[in-house]
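This structure is a prediction, so every number in the text was calculated from the model and none was measured.
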Amino acid sequence: MAVITRARRLADARWKDAKGRMTRALASDSSSFSLRSARRDGFAGLIGAIVNIPGEMAMGVLAGLNPVHALNTLMIGMPAAAVLGSTRLMMFDTTSAMVLVAAGSIGDRSGDERAQAMIVMALTAGLFQLVLGVLGLGQLNRFVSSAVMTGFLTGVAVLIVIGQLGDLTGYQSTNASKIARTFDLLAHITQIDGPTTAIGIGSLLAMIGLRATRLARFNLLIALIAASIAAWLFRSIGSHPVALVNGLGTIPRSLPSLRIPALDMLPALILPGVAVGLVQAAGVAQRYPNPDGAESRASQDFLAQGVANIACGFVQGMPGGGSLSGTALNVAGGARTRWALLFQAAFVVLLVLIFSDLLGLIPMTALAALLIYMGASTIKVSGVRAVLVSTRTSASVMLVTFVATLVMPLEQAVLLGVILAAVLFLYRASTDIRLVQIVPEDGGFRECPPPAQLPSDRVTMLDVYGSLFYAGARTVGRLLPSPRGASRAVVVLRLRGQSNLGVTFLDVASAYARQLQAGGGTLFLAGVDPAVKRQMAKPGHLREIGEDHVFEAGTLVGASTGAAFRAGQAWLGPQKAQSSARMPATVGMLRTAPNPYTQPHPLDGCPD
């Protein structure tokens with residue numbers, strides 16, 4: 001009960017903090033609202049609505065649904081996220097990665113059952129994101145490495161491209177795998193539909209060609225209008241009819257209505273919903289910070305996306321997330337405040353109400369071309385090259401994630417990527433450990449490689465770089481100089497900055513202290529965090545090492561290390577201490593050593 005009470009208090013505090021920040025942000029946007037800013041934000045909203053409606057319809061097709069479900073996300077989810085988010089220009093919409101993960105999770109469901117499963121997926125993803133946001137865990141996506149995300153997003157882009165070849169050419173393969181369908185298409189290339197292929201390839205070429213002209217901002221819209229006219233011409237001359245969007249169902253000329261999702265599907269879609277919730281676009285706040293310099297908070301953005309997805313679940317919408325490409329369009333259109341996204345939602349509603357019949361006349365092959373265009377555009381060759389030339393480990397992780405994305409269900413590929421990132425983080429944390437010897441000199445200290453064997457009757461001071469939590473503690477245990485054969489060896493181990501020491505390290509330190517004591521020596525710990533010292537007392541480690549051998553860190557850097565060094569000399573006795581190196585007088589001015597990961601360690605003056 002105590003744990004539940006603490007969790008509830010934490011959630012309440014997080015919610016109040018997020019609500020306060022949201023209120024201040026809205027007040028700031030409202031106070032800066034003017035006719036001039038309204039014109040700029042209104043124009044950006046209009047441009048965004050015109051450009052994003054075709055893209056949202058393509059996302060609906062990608063999911064195998066009536067495009068109206070994607071449009072509902074744009075009309076309801078986007079303004080909800082805009083009001084609640086801390087990144088004021090971030091656009092919330094359906095993203096290709098999210099759609100593919102969700103579509104793969106609902107399997108071969110069709111018709112209304114498939115639509116309801118996708119809607120429930122939005123609800124489960126939203127609940128997961130809401131919990132992360134309220135608990136302040138929005139920074140979890142930092143633990144997914146760039147190698148994993150690069151491999152996953154590149155794999156998703158390839159799947160989008162090859163997955164649309166059937167609609168592009170009019171040849172529908174019966175194979176389940178997208179890769180198998182691609183090979184089947186190549187084997188039956190003579191069976192493609194001529195008019196469908198001509199319109200699809202023409203649309204793709206128009207999108208690419210217009211990108212280099214003044215009409216680049218409207219290249220997608222122009223290509224779709226031209227494709228619709230071409231489909232009408234083929235139909236009027238008696239040619240084989242080209243499949244249209246209205247074949248998936250009518251786009252109603254009405255606002256989204258409230259409807260309770262099929263909650264009986266919820267238990268089966270919890271894990272896929274978590275996977276969809278994790279695949280939210282990261283880096284929007286870093287790429288597009290708030291114009292007034294206000295800080296963006298990942299947890300509040302998670303909360304905003306969670307509320308938006310929950311809202312989508314109750315208006316028959318699809319799951320969505322923060323979109324880098326959508327945000328880029330919003331910024332390029334001249335947006336300055338979150339009002340641009342609210343204007344965009346209003347324009348989307350207006351355009352759908354007026355042109356819903358015309359939207360249904362867009363050829364499926366043109367939307368397939370649009371998806372291929374968008375998929376190919378998301379492949380970042382420079383990012384792939386950067387990972388390949390970085391390290392073998394990063395390159396291997398990227399390639400494994402890429403292959404897994406192509407051959408595994410996407411929700412499993414997402415979780416595999418997260419596990420790979422976690423394992424990679426733990427491996428690096430446990431191996432990026434360096435132990436150095438600190439040799440006192442007049443005026444400061446010198447860093448040296450530690451001796452393999454401890455000297456007898458001397459104080460040896462050691463410092464450690466890296467995490468000592470879990471596996472890192474075992475690594476340090478292997479790096480510590482051997483006390484075998486040494487008589488009355490004294491070791492001072494400096495732990496300043498190590499505020500998260502687990503039981504594993506305390507076990508390693510106690511075992512090392514026993515080895516030193518077996519040879520008549522002893523261990524001193526310096527720079528110990530007060531919380532760590534209290535932690536040592538509970539399982540008996542403090543008693544085993546000796547409470548007077550543990551020196552807490554203070555505000556004066558090096559003071560506890562100097563005190564431990566002098567205590568070690570005193571422990572050896574006056575005669576033996578004279579043979580040990582002398583502590584510099586300026587002990588409180590311990591010179592900050594260069595980072596051993598990036599700087600060479602001088603060997604001059606180091607003991608053999």
Under 3.5 Å: donor-acceptor pair, side chain of [X], backbone of [Y]:
X      : Y      : value
Glu56  : Asp93  : no
Asp301 : Ser86  : yes
Gln344 : Ala340 : no
Asn219 : Leu210 : no
Arg338 : Gly85  : yes
Thr150 : Ala147 : no
Thr154 : Gly151 : no
Gln305 : Gly321 : no
Asn330 : Gly48  : no
Arg109 : Arg114 : no

Tell me, with the steps shown, if Phe128 and Val276 meet side-chain contact (heavy atoms from CB on, under 4.5 Å). CA-CA 9 Å; Phe128 173 70; Val276 171; over 6 Å; no

Have a look at Pro256 and tell me which of Val315, Val68, Thr73 forms a side-chain contact (heavy atoms from CB on, under 4.5 Å) with it.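 Per the side-chain contact (heavy atoms from CB on, under 4.5 Å) rule, the option paired with Pro256 is Val315, out of Val315, Val68, Thr73.
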
How close do [X] and [Y] get, heavy atom to heavy atom, and via which atoms?
X      : Y      : value
Pro195 : Val242 : CB-CG2, 4.2 Å
Ser203 : Ala369 : CB-CB, 4.0 Å
Ala122 : Pro319 : CB-N, 3.6 Å
Ala63  : Met118 : CB-CE, 3.7 Å
Ala58  : Leu370 : CB-CD2, 3.8 Å
Gly360 : Leu244 : O-CB, 3.7 Å

Answer yes or no: is there a side-chain heavy-atom contact under 4.5 Å between [X] and [Y]?
X      : Y      : answer
Val348 : Ile53  : yes
Leu123 : Ile310 : yes
Val384 : Phe402 : no
Met318 : Met98  : no
Ile119 : Arg259 : no
Met374 : Met59  : yes
Leu46  : Phe343 : no
Leu361 : Val245 : no

Could you pull out all donor-acceptor pairs under 3.5 Å where a side-chain atom in residues 220-232 meets a protein atom, sequence neighbours excluded?
{"from": "Ser228", "atom 1": "OG", "to": "Leu224", "atom 2": "O", "distance (Å)": "2.9"}

Considering only distance and modelled atom types, tabulate donor-acceptor pairs under 3.5 Å from the side chains of residues 260-272, sequence neighbours left out.
none

Trace of the side-chain contact (heavy atoms from CB on, under 4.5 Å) decision for Leu303 with Val134: CA-CA 6 Å; Leu303 185 149; Val134 170; 3.8 Å; yes

Could you tell me which residues satisfy side chain to side chain donor-acceptor pair (under 3.5 Å) with Asp112, sequence neighbours excluded, listed by chain and number?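 Asp112 satisfies side chain to side chain donor-acceptor pair (under 3.5 Å) with no other residue.
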
Before giving the answer on side-chain contact (heavy atoms from CB on, under 4.5 Å), spell out for Leu255 and Val349 the whole-Å C-alpha distance, their side-chain angles and the decisive distance to 0.1 Å. CA-CA 7 Å; Leu255 294 174; Val349 170; 3.1 Å; yes

Nearest-0.5 Å distance, [atom1] of residue [X] to [atom2] of residue [Y]:
X      : Y      : atom1 : atom2 : result
Ile251 : Leu71  : CD1   : CG    : 6.0 Å
Ile160 : Lys178 : CD1   : NZ    : 9.5 Å
Ser377 : Arg211 : OG    : CZ    : 5.5 Å
Thr169 : Ile201 : OG1   : CD1   : 8.5 Å
Asp167 : Thr197 : CG    : OG1   : 11.0 Å
Gln164 : Thr182 : CD    : OG1   : 10.5 Å

Evaluate the side-chain contact (heavy atoms from CB on, under 4.5 Å) criterion for residues Gln116 and Gln316: first the C-alpha distance (whole Å), next the side-chain angles of each, then the deciding distance (0.1 Å), finally the verdict. CA-CA 8 Å; Gln116 289 304 311; Gln316 305 293 289; 3.1 Å; yes

Would you call Asp357 and Arg253 a salt bridge, using N to O less than 4.0 angstrom?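 A salt bridge is present here (some side-chain N lies under 4.0 Å from a carboxylate O).
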
